Amino acid sequence: MTEDFFDEEDFQGKIDRNIIKRIFQFAMPYRNWFFAFICFTLLTTLMDSIQVILNKYLIDQAILTGSKSEAVRIVRYYGLTILVQAVSVFGFVYIAGMIGERIWYDLRQKMFTHLQKLSLSYFSVTPVGWIMSRVNSDSYRISDLVTWGLVDSSFAIVNILVSLGFMLAINWQMALIVLAITPIMIVTAWQFRLRILKEYRNVRRLNSKVTGSYNENISGIRVIKGLLREQENLREFNELTSPMFQSAYRAARLNALFLPCIQILSAVALASIILLSQKKIDSGMITIGGIQAFINYVTSMLWPVQDLARVYGEMQQSIASGERIFTLLDTEPVIRDSADAYEPESIAGDIEFDHVSFYYDDGDGTPVLEDFSLKVRQGEVIALVGSTGGGKSTIVNLLCRFYEPKKGVIRINGNDYKTYKMESIQSRIGMVLQVPHLFSGTIRENLQYGNLNASDDQLHEAAKAAGADEFIQSLPNGYDEQVGENGNLLSVGQKQLISLARAILANPELFIMDEATSSVDTITENLIQKGMEQLMKGRTSFIIAHRLSTIKRADRIIVIEDGRIIEEGTHNGLLKQKGKYYHLYTQQFRQEKEKDYALQL
C-alpha cells in the first residue's frame, strides 16, 4: 500500500446503503433499547404538542375570560404534562447515551481484536496515526450517528409531522403558507450544509497526519531535544495544521451565517401568518390563543428542518468513517493457519531452512534471502553475524512466522511449520529484542507477560536468573515500581534485564536474542550474558549479535551477507580461516582496545 492510500478519503458520492446497513448492524444487539427510545421520543413530542394546546386554552378560556378556576384546572394539566415529559426526556437521553457508549465500545473492541490478528507486515506499512484515527475518531462518529443522529432526526421528523397536523387542524390556509416556505428553508439548509461539509472534509483529511505527527514527536522527544529540533518541528507542525485551521475557520463562519438565514426565513413565514391572522380573528375563524398555538407549531416545525440537514451532513461524514473502519476490519491477515493446521505437543527439535527465498512486500522486490538453507540440531546455539541489512533479523522473523517464505520450506521436527498453528509456534518462542519494550504498569505486571499464572517465587527466581533482582530490590517499591510508558522511567539496561527475565519466566522451547546487548554497558552486558547462558541450556537458540565477544561460546556462528551464508563454524575455527568473520572480529577488537587505551591515557 502506498502512502497516498492512507490519506483521508474525500467522500463525495451518494449514500451507500450497504455501508449504512453494516453500520446499523452494530445497533442490532440493542434493538429493544431502540424501541424504548423511540417510544420515549414520541411521548416527549406529544407532551410538547399538548402543552401548546393547553397554552391556547389558557389564553382563550382563562386569561381572556378571567376564569381563575379554569386557569387552575389547565395549569394542573400543564404540570402533569411537564412531569411526564421530564420522565420521557430522561428516558430517551439516558438510552441514547447508553447505546452510544456501548456501540462505541463494541466498535473499538472489534477493531482492537482484529488488529491483534493482523500480520506484522500490516503494521510495517500502516501509519500509527491512521490506525488511531480509525479506532478513536471514526468509531466515535459512527456511534454518534447511530444514537444522537437518530435522536435528532427522529425528534425532527416527529415534530414536523405532529406540528403540521395541529396547524392544519387550527387553520389549513395559514398552514399552506408554512408549507410554501418550508421547501425554501430545506434548499437553503441543504446548500449551507454542503459547503460546511466540504470544509469539514478538508479538516478530516489532515486529521490522521496531525495525529501521526503528535505520535512521532512525543515518541521521539529525546531525539528531538538532543538534536535541538524543537523550532523546526514546530514549523513543520504549523505547516501541517494551518490548512486544517483555515478550513475549520471557514466552516465556523458558514455555521454562523447559516443561523441568521434560517431566522430571516422563519421571520418571513411568521410575518405572513400574523398579517393573515388579523383577518381571521376579525372574521372569528381563529382565536388569539389559536394564533399563539399556531406560531408555536410553526417554530416547532421550521427549526427541525435545519436539524435534518445537519444530520444528513453528519451521515455523509459517518459513512466516510464507516468506509475507513470497514477497510480496516475487512483487511485479512497475510499469515493465516490452514484449515487442517494442528497444535504440536512441542516444537523442540531440529529446524531446517530448505532453499528459502524471501522479500518484503512493501519493498522493491529485491530478495532479502535467496536460496537460503540451514539445518539446526535440537539444543544447538546458533549465532548470526554480518553486515546490517544482510538478512539476520529476517531469518528469525521467518522462524517466528511473522512472515512466511516466498519460496522454499521451513521445517520444525521434520514437518513444514505451516502445518502447525501459528499460535502454537509463537507461544513457545522467547524473544529478547534490541529495543526492549515494556508496557505501562509495574515491573511485576511486565514480568507476568511471560507467564500470567506465575507465582511471586517464580518471578523472583526468573529475575535472579536474569540478573535483574538486585536492581529491582533497590527501587523504592521493588517489584511494584511503575516503569512508565514504554519503560521510560528505567534505563535501557534495566529494561533489557526485565525483558530477559520475562523470557526466562515464559520457559520457551526456542530462544531468540536479537542484538540485545548492543545498547547496554559492559556490566549489564555481563549480567545479560549470564542470564542467556542459563536460558539457553538445552534449548535451541538463535543469537543475533553486534558485539562478537558475546557469541564466542555459540555452537555455530553463521556469517550472513546479502541473504546468503558465506561462512560458518565455531569462533576459533572461523578466526583460523581469516575470512569475513576474522575481519569483523579483529576490527571490533581493535576498536575496543583503542578506546580502552585512550581512556588510560
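Quick caveat: nothing in here was measured; it's all calculated off a predicted structure.
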Notebook entry, point to check: Counting only heavy atoms not in Tyr359, do more than 12 sit closer than 6.0 Å to its OH atom?
Noted result: no
Please check if the number of heavy atoms outside Phe35 that lie under 6.0 Å from its CZ is greater than 12.
no
- Is a salt bridge present between Arg444 and Asp480, judged by a nitrogen-to-oxygen distance below 4.0 Å? yes
To the nearest 0.5 Å, atom CG of Asp106 lies from atom CD of Glu101 at 11.0 Å
**Prompt:** For residues Thr394 and Tyr360, is any side-chain donor paired with an opposing acceptor at under 3.5 Å?
**Reply:** yes
Of all heavy-atom pairs linking Val146 and Ala27, the shortest is CG1-CB, 3.7 Å
Using the ring of each side chain (for Trp, its six-membered ring), is Tyr479 parallel, tilted or perpendicular to His460, with breaks at 30° and 60°? tilted
*Quick one: does Glu509's side chain have a donor or acceptor within less than 3.5 Å of a partner on Ala348's backbone?*
yes
Q. If only atom types and distance count, is the side chain of Asn397 paired as donor or acceptor with the main-chain N or O of Phe402 below 3.5 Å?
A. no
Near Glu345 CD, under 6.0 Å, is it more than 12 heavy atoms from other residues, nucleotides or ligands? no
Asn136 backbone acceptor or donor facing Ser139 side chain under 3.5 Å: yes
Exercise. Could Arg141 and Asp144 be called an ion pair, given the rule that one side-chain N must be under 4.0 Å from one carboxylate O?
Worked result: no
Angle between ring planes, Tyr94 versus Phe90, binned at 30° and 60°: parallel, tilted or perpendicular? parallel
Q.
Please verify the inter-ring angle class for Tyr140 with Trp104; under 30° counts as parallel, over 60° as perpendicular, anything in between as tilted.
A. perpendicular
For Asn486 and Lys495 the tightest heavy-atom approach is O-NZ, 3.4 Å
Donor-acceptor pair, side chain of Glu352 and main chain of Gly414, under 3.5 angstrom: no
_Would you say CD of Glu423 has more than 12 non-hydrogen atoms from neighbouring residues, nucleotides or ligands within 6.0 angstrom?_
no
Ring centers of Tyr420, Tyr342 separated by less than 6.0 Å: yes
When every non-hydrogen atom of Leu118 is compared with those of Pro333, the smallest separation belongs to CD2-N, 4.0 Å
